[in-house]
There are 2 protein chains.
Amino acid sequence: MSLRYGLLGLLAEGPASGYDLARRFQEALSPVWPAQHPKIYAELSRLSDAGMIEVDSHGPRGRKAYRITDTGLSEVRRWLTEGEVDHTLRTESVLRSFFFWLMEPDDLQEHLRREQRFFTETADLARGYAAAKDRGDFGTSPQTRSMRVAVEAAIGFYQALADWAEWAQTVPPAIPEGDPES
Amino acid sequence: MSLRYGLLGLLAEGPASGYDLARRFQEALSPVWPAQHPKIYAELSRLSDAGMIEVDSHGPRGRKAYRITDTGLSEVRRWLTEGEVDHTLRTESVLRSFFFWLMEPDDLQEHLRREQRFFTETADLARGYAAAKDRGDFGTSPQTRSMRVAVEAAIGFYQALADWAEWAQTVPPAIPEGDPES
DNA sequence: ACTCCACATGTAACAGGGGACATGTACCTA
DNA sequence: TAGGTACATGTCCCCTGTTACATGTGGAGT
């Protein structure tokens with residue numbers, strides 16, 4: 001259901017087309033909740049059926065313009081305050097680490113270096129985004145304020161993963177432990 | 001495909017029944033890759049069809065015993081070294097934060113307190129698990145060594161999320177910014 | 001006016017995951 | 001020995017998400 005509320009939340013900022021929403025998901029929300037356009041269009045028609053959004057065909061340049069209704073607005077708010085938070089987390093990166101013992105030490109080191117680089121770059125990217133927000137309009141609207149909070153979370157856990165990958169490289173791969181010279 | 005490799009990885013440690021595998025997923029892997037038994041049994045039969053595992057019906061107490069084949073073992077190894085890492089991450093917690101501006105300040109504070117508590121508890125749980133490993137057999141077998149690395153990752157990002165939730169409580173909810181008295 | 005391209009909206013087919021339900025088996029206890 | 005309970009294996013259906021494909025539209029350049 002998260003996609004549904006993601007759409008409602010974005011529409012709470014103002015009317016938008018399906019294309020706009022897909023773009024915003026890609027640009028802002030993708031690090032924490034990826035969504036492709038087929039799913040978005042499908043969900044929009046369901047939201048429309050449920051009376052949570054209104055559709056204005058023939059918006060600017062043939063775009064459809066979706067606008068949130070009062071029903072929709074109170075539904076997001078209800079979700080935010082009363083809805084159970086789903087804490088499910090899936091990270092293939094960490095799942096793999098359970099099986100590191102199956103890898104050759106050299107392959108493992110190379111793998112961890114790559115992972116560290118990836119997480120560091122992602123964290124830096126988010127940091128840059130946050131910095132831009134700060135220079136520009138952090139503090140201007142409640143939306144950008146919220147955005148900053150979200151970005152800060154992303155920075156935090158990508159940095160945590162980067163640190164982990166770096167630390168993992170220092171963990172000795174095997175355990176001689178009194179192993180008599182080979 | 002991660003579930004498939006998770007199963008192969010666990011079976012690389014030794015033969016196990018479907019029930020055993022489900023239990024291990026629940027106890028050890030669930031924080032990073034939840035999986036329920038229906039999925040596991042289905043995947044096991046697919047793995048068996050693919051010749052990556054062998055089934056011995058009539059193991060101890062009517063359990064089926066699954067054993068990894070050479071094909072299966074080299075397939076996990078291939079995945080670990082050559083397979084593209086899927087870095088997809090979905091966190092409803094953080095998605096919600098994009099829409100915090102829609103919440104009443106009091107509700108938001110309450111929400112963040114709850115989140116902080118949840119993440120702190122999860123991190124502590126993982127820490128306790130790691131400590132047990134250290135006291136007992138950290139360093140004994142390559143498997144437990146890998147486990148420790150995995151648990152360390154979990155501690156890291158749950159702690160990062162806990163810190164974030166704590167920090168977010170200190171962010172002022174609105175932006176007076178020269179707002180003239182009310 | 002024509003054509004091309006970026007913008008924009010969709011459909012179809014498939015893969016993965018979760019909840020509910022069904023069944024069977026061994027062991028323990030009354 | 002009858003019944004209960006924890007162990008164990010499986011099926012079914014639905015929901016979510018992804019990839020590939022199909023279509024339509026407006027504006028910019030020639």
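Computed from a prediction, not measured in an experiment: that's the story for all the values here. Just so it is clear: chains get the letters A, B, ... in the order the sequence lines come, proteins before strands, and each one is counted from 1.
- Residues B:Glu121 and B:Arg117 are not paired through a salt bridge, judged by the lack of any N-O separation under 4.0 Å between the basic side chain and the carboxylate.
- Side-chain contact between B:Leu21 and B:Leu11 is present, with at least one heavy-atom pair separated by less than 4.5 Å.
- Note: CH2 (B:Trp33) to C1' (C:dG17) measures 10 Å, nearest angstrom.
- Atoms CD (A:Glu92) and P (C:dG17) sit 11 Å apart, rounded to a whole Å.
- OP1 or OP2 of D:dG10 has at least one side-chain nitrogen or oxygen of B:Lys64 nearer than 4.0 Å.
- Note on B:Ser45: nothing from the nucleic acid sits closer than 4.0 angstrom, heavy atoms only.
- Summary of the strand contacts: B:His37 and B:Arg46 both lie near DNA chain C, and taking for each the nucleotide with the nearest heavy atom, the more 5' one is attributed to B:Arg46.
- Taking side-chain N and O atoms only, A:Tyr41 has no distance below 4.0 Å to OP1 or OP2 of C:dG10.
- Side-chain atoms of B:Arg90 and A:Arg90, non-hydrogen and from C-beta on, never get closer than 4.5 Å to each other.
- Taking atom CG of residue B:Leu44 and atom P of nucleotide D:dT11, one finds them 12 Å apart after rounding to whole Å.
- Rounding to whole angstrom units, CG of residue B:Leu47 and P of D:dG10 are separated by 13 Å.
- Applying a 4.0 Å cut-off to non-hydrogen atoms, none of the residues of residues 78-89 of chain A approaches DNA chain C.
- The residue A:Arg4 sits apart from the nucleic acid: no heavy atom pair falls under 4.0 Å.
- The pair B:Asp49-B:Arg46 does not meet the salt-bridge criterion, since no charged nitrogen lies less than 4.0 angstrom from a carboxylate oxygen.
- For the pair A:Lys39 and D:dT16, the criterion of a side-chain N or O lying under 4.0 Å from OP1 or OP2 is not met.
- Taking side-chain N and O atoms only, A:Arg90 has no distance below 4.0 Å to OP1 or OP2 of D:dT16.
- Other residues, nucleotides and ligands contribute at most 12 non-hydrogen atoms within 6.0 Å of the CZ atom of A:Arg67.
- Sequence order on DNA chain D of the closest nucleotides to B:Tyr19 and A:Gln36 puts B:Tyr19 first from the 5' end.
- Rounded to whole Å, the distance from CD1 on B:Ile40 to P on C:dG16 is 15 Å.
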*asked:* Show, in sequence, the C-alpha distance, side-chain angles and deciding distance for B:His87 and A:Phe119, and conclude whether the ring pair (Phe, Tyr, Trp, His ring centres under 6.0 Å) test is met.
replied: CA-CA 9 Å; B:His87 288 108; A:Phe119 290 127; 5.5 Å; yes

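- A:Glu92 and A:Arg96 are joined by a salt bridge, as a carboxylate oxygen and a charged side-chain nitrogen come within less than 4.0 angstrom of each other.
- As judged by a 4.0 angstrom heavy-atom cut-off over every strand, A:Phe25 is placed among residues making no nucleic acid contact.
- When rounded to the nearest whole Å, the span between OH of A:Tyr5 and P of D:dT16 equals 11 Å.
- Distance, B:Gln26 CD to C:dG18 P: 11 Å, rounded to whole Å.
- One can place CG of B:Leu3 at 13 Å from C1' of C:dG18, the figure rounded to the nearest angstrom.
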